[in-house]
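Only a predicted model underlies this, so the values are computations on that prediction, with no experimental measurement involved. Numbers here simply count residues along the sequence, with the first being 1.
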Amino acid sequence: MLQIERVAFGYRTAERVLEDVSFSVERGSLVGILGPNGSGKTTLLRILAGALSPTSGVVRIDGRSIREWPRRELARRIAFVPQETHAPFDFTVLDIVLMGRYPHLGTFTLEGPEDLAIARQALRATGTETFEARSFSTLSGGEKQRVAIASGLAQAPELLLLDEPTGSLDVGHQLETQDLLRRLNRDGVTMVLSTHDLNFAAALCRHLILLGRGRLIAHGPTAEVLRPDTVRALYGVEADVQRHPRAGHLTVTPIARIP
């Protein structure tokens with residue numbers, strides 16, 4: 001579905017943020033991007049979404065360069081959910097989710113009954129249907145995150161990109177979000193997400209991409225990529241990586257910072 005070939009990116013006033021990054025994402029995958037602060041995770045997601053153009057290299061969707069896709073058509077296929085969603089006005093939850101329908105509307109066209117039905121289906125899918133009439137600003141962090149995901153789903157995308165979907169959530173809401181994303185992926189949504197949380201990625205993602213200083217450290221199935229040596233290379237820490245007997249997935253326990 002998605003091919004990233006030797007992608008590099010740099011801002012004019014800084015050194016390269018990404019350098020020679022290549023990997024692919026198969027349809028139906030759930031892929032996690034791991035890396036420390038400043039490793040290029042958010043920049044990479046924005047390139048995949050078409051919001052940034054790589055300095056060199058190419059991103060292809062179904063064999064076609066992302067630069068060749070019309071903006072509206074690209075927005076119908078890819079939804080990007082940022083780490084935090086801020087509403088500049090006092091929008092209701094339904095208003096926020098309906099914004100996901102904009103790529104499907106013509107110029108000066110208002111949302112119709114079909115758009116409302118799709119938005120409400122997205123609310124039900126994320127367990128936020130009871131919030132429909134509430135002001136978005138009154139929601140908790142976890143509730144806002146689920147509504148933001150609902151807005152992304154309302155785009156009816158083939159690919160959902162999420163930047164730190166649990167970055168500001170407590171443990172309970174992290175588990176809720178984890179279960180939600182797993183269920184949506186089972187229903188056919190391809191996902192690529194960035195996260196700082198090694199254990200969240202280990203529990204949820206089937207494939208991992210490890211970025212260090214803008215370069216690809218490793219990529220592949222989670223069980224093969226998430227190892228003590230790759231954690232050491234990525235974060236400079238000694239860590240114990242084992243399969244948890246009750247959780248059924250790998251867990252990472254940091255032991256010490258490498259001097």
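Under the rule for a ring pair (Phe, Tyr, Trp, His ring centres under 6.0 Å), F80 has no partner lying at least two apart in sequence or in another chain. Evaluation of the side-chain contact (heavy atoms from CB on, under 4.5 Å) rule for D229 yields R227, R232 as partners, not counting sequence neighbours. Under the rule for a side-chain contact (heavy atoms from CB on, under 4.5 Å), the partners of S53 that lie at least two apart in sequence or sit in another chain are R67. Residues that satisfy the salt bridge (Lys or Arg N to Asp or Glu O under 4.0 Å) test with R213, not counting sequence neighbours, are absent from this structure. The side-chain contact (heavy atoms from CB on, under 4.5 Å) search around N185 returns L30, M191, R206, not counting sequence neighbours.
At least one side-chain heavy atom of R120 sits under 4.5 Å from a side-chain heavy atom of L94. Inter-residue side-chain proximity for I118 and R101 is flagged as met; some heavy-atom pair is nearer than 4.5 Å. Here the side chains of F91 and L98 are not in contact, with every heavy-atom distance at 4.5 Å or above. A heavy-atom distance below 4.5 Å is not found between the side chains of H207 and E26. For the pair T126/F131, no side-chain contact is recorded, criterion being any heavy-atom separation below 4.5 Å from C-beta on. Residues P228 and V241 have side chains in contact (heavy-atom distance under 4.5 Å, counting atoms from C-beta outward). Between E176 and R146, the closest side-chain pair of non-hydrogen atoms falls below 4.5 Å. Within the 4.5 Å cutoff, no side-chain heavy atoms of V7 are placed close to those of S22.
Taken to the nearest 0.5 Å, the CD1 atom of I96 stands 7.0 Å off from the OG atom of S151. Once rounded to the nearest 0.5 Å, the distance linking OG1 of T177 with CZ of F200 reads 7.0 Å. To the nearest 0.5 Å, the span separating OG1 on T222 from CG on L208 amounts to 3.5 Å. Here the OG-CD1 distance, from S39 to I33, works out to 9.0 Å after rounding to the nearest 0.5 Å. Between the OG1 atom of T42 and the CG atom of D163 there is a distance of 3.5 Å, given to the nearest 0.5 Å. With rounding to the nearest 0.5 angstrom, the CZ atom of R183 is 8.5 Å from the CG atom of D179.
Atom CZ of R6 is surrounded by 12 or fewer heavy atoms from other residues, nucleotides or ligands within 6.0 Å. Residue-environment remark: CD (E129) exceeds the threshold of 12 foreign heavy atoms within 6.0 Å.
With R64 contributing its side chain and E68 its backbone, the two residues share a donor-acceptor pair below 3.5 Å. The main-chain N or O of P221 is never found under 3.5 Å from a side-chain atom of E224 such that the two would form a donor-acceptor pair. Side-chain N or O atoms of Q155 include one that pairs as donor or acceptor with a backbone N or O of I78 at under 3.5 Å. In this structure, R60 contributes its side chain and S65 its backbone to no donor-acceptor pair below 3.5 Å. For the pair K41 (side chain) and G35 (backbone), a donor-acceptor distance under 3.5 Å is present. For R71 (side chain) and G50 (main-chain N/O), a donor-acceptor pair under 3.5 Å exists by modelled atom type. The closest donor-acceptor contact from the side chain of R124 to the backbone of T128 lies at 3.5 Å or more, if one exists at all. The backbone N or O of L159 sits nowhere less than 3.5 Å from a side-chain atom of T190 that would complete a donor-acceptor pair. At least one donor-acceptor pair under 3.5 Å links the side chain of T55 to the backbone N or O of G10.
Placement of L216 and L234 in two distinct hydrophobic clusters is found when ILVMFWY residues are connected by side-chain heavy-atom separations under 4.5 Å, directly or transitively. In the hydrophobic cluster analysis, where Ile, Leu, Val, Met, Phe, Trp and Tyr join through side-chain heavy atoms closer than 4.5 angstrom, L74 is grouped together with F9. Grouping the Ile, Leu, Val, Met, Phe, Trp and Tyr side chains by contacts below 4.5 angstrom, directly or via other members, places L204 apart from V192. Cluster membership check: L153 does not share its hydrophobic cluster with V147, using side-chain heavy-atom separations under 4.5 Å among Ile, Leu, Val, Met, Phe, Trp and Tyr. Under the 4.5 Å side-chain heavy-atom criterion for grouping Ile, Leu, Val, Met, Phe, Trp and Tyr, L198 is connected to V237 within one hydrophobic cluster.
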>> With side-chain contact (heavy atoms from CB on, under 4.5 Å) as the criterion, how do H219 and V225 come out once you've worked through the C-alpha distance, each side chain's angles and the decisive distance to 0.1 Å?
In response: CA-CA 6 Å; H219 67 99; V225 169; 5.5 Å; no
>> What verdict does the side-chain contact (heavy atoms from CB on, under 4.5 Å) test give for E132 and T92, after you've listed the backbone C-alpha separation in whole Å, the side-chain angles of each residue and the deciding distance to 0.1 Å?
In response: CA-CA 7 Å; E132 176 180 316; T92 68; over 6 Å; no
>> Show, in sequence, the C-alpha distance, side-chain angles and deciding distance for L162 and L160, and conclude whether the side-chain contact (heavy atoms from CB on, under 4.5 Å) test is met.
In response: CA-CA 7 Å; L162 305 106; L160 185 61; 3.9 Å; yes
>> Working note: T43 + L18, criterion side-chain contact (heavy atoms from CB on, under 4.5 Å); need CA distance, chi angles, decisive distance, verdict.
In response: CA-CA 8 Å; T43 298; L18 295 171; 4.0 Å; yes
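For D20 against R215, the heavy-atom pair with the smallest separation is CB-NH1, 4.4 Å. Closest approach of A150 and A122 over heavy atoms only: O-CB, 3.3 Å. Contact between S194 and P165 at its shortest, heavy atoms only, is O-CD, 3.3 Å. The two atoms that bring I66 and A49 nearest to each other are CD1-C, 4.3 Å, heavy atoms only. Nearest approach of A202 to L250, heavy atoms of both residues: CB-O, 3.2 Å. Heavy atoms only, all atoms of each residue included: I217 and L211 are closest at CG1-C, 4.2 Å.
A side-chain N or O of N37 and one of H196 form a donor-acceptor pair less than 3.5 Å apart.
Between R16 and E19 there is a salt bridge, with a side-chain nitrogen of the basic residue lying less than 4.0 Å from a carboxylate oxygen of the acidic one. In this structure, D187 does not pair ionically with R182, as no charged nitrogen and carboxylate oxygen lie closer than 4.0 Å.
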Which donor-acceptor pairs under 3.5 Å do side chains of residues 251-259 form with protein atoms, sequence neighbours excluded?
| unit_1 | atom_1 | unit_2 | atom_2 | d |
| --- | --- | --- | --- | --- |
| T251 | OG1 | Q242 | O | 3.2 |
| R257 | NH1 | Y235 | O | 2.9 |

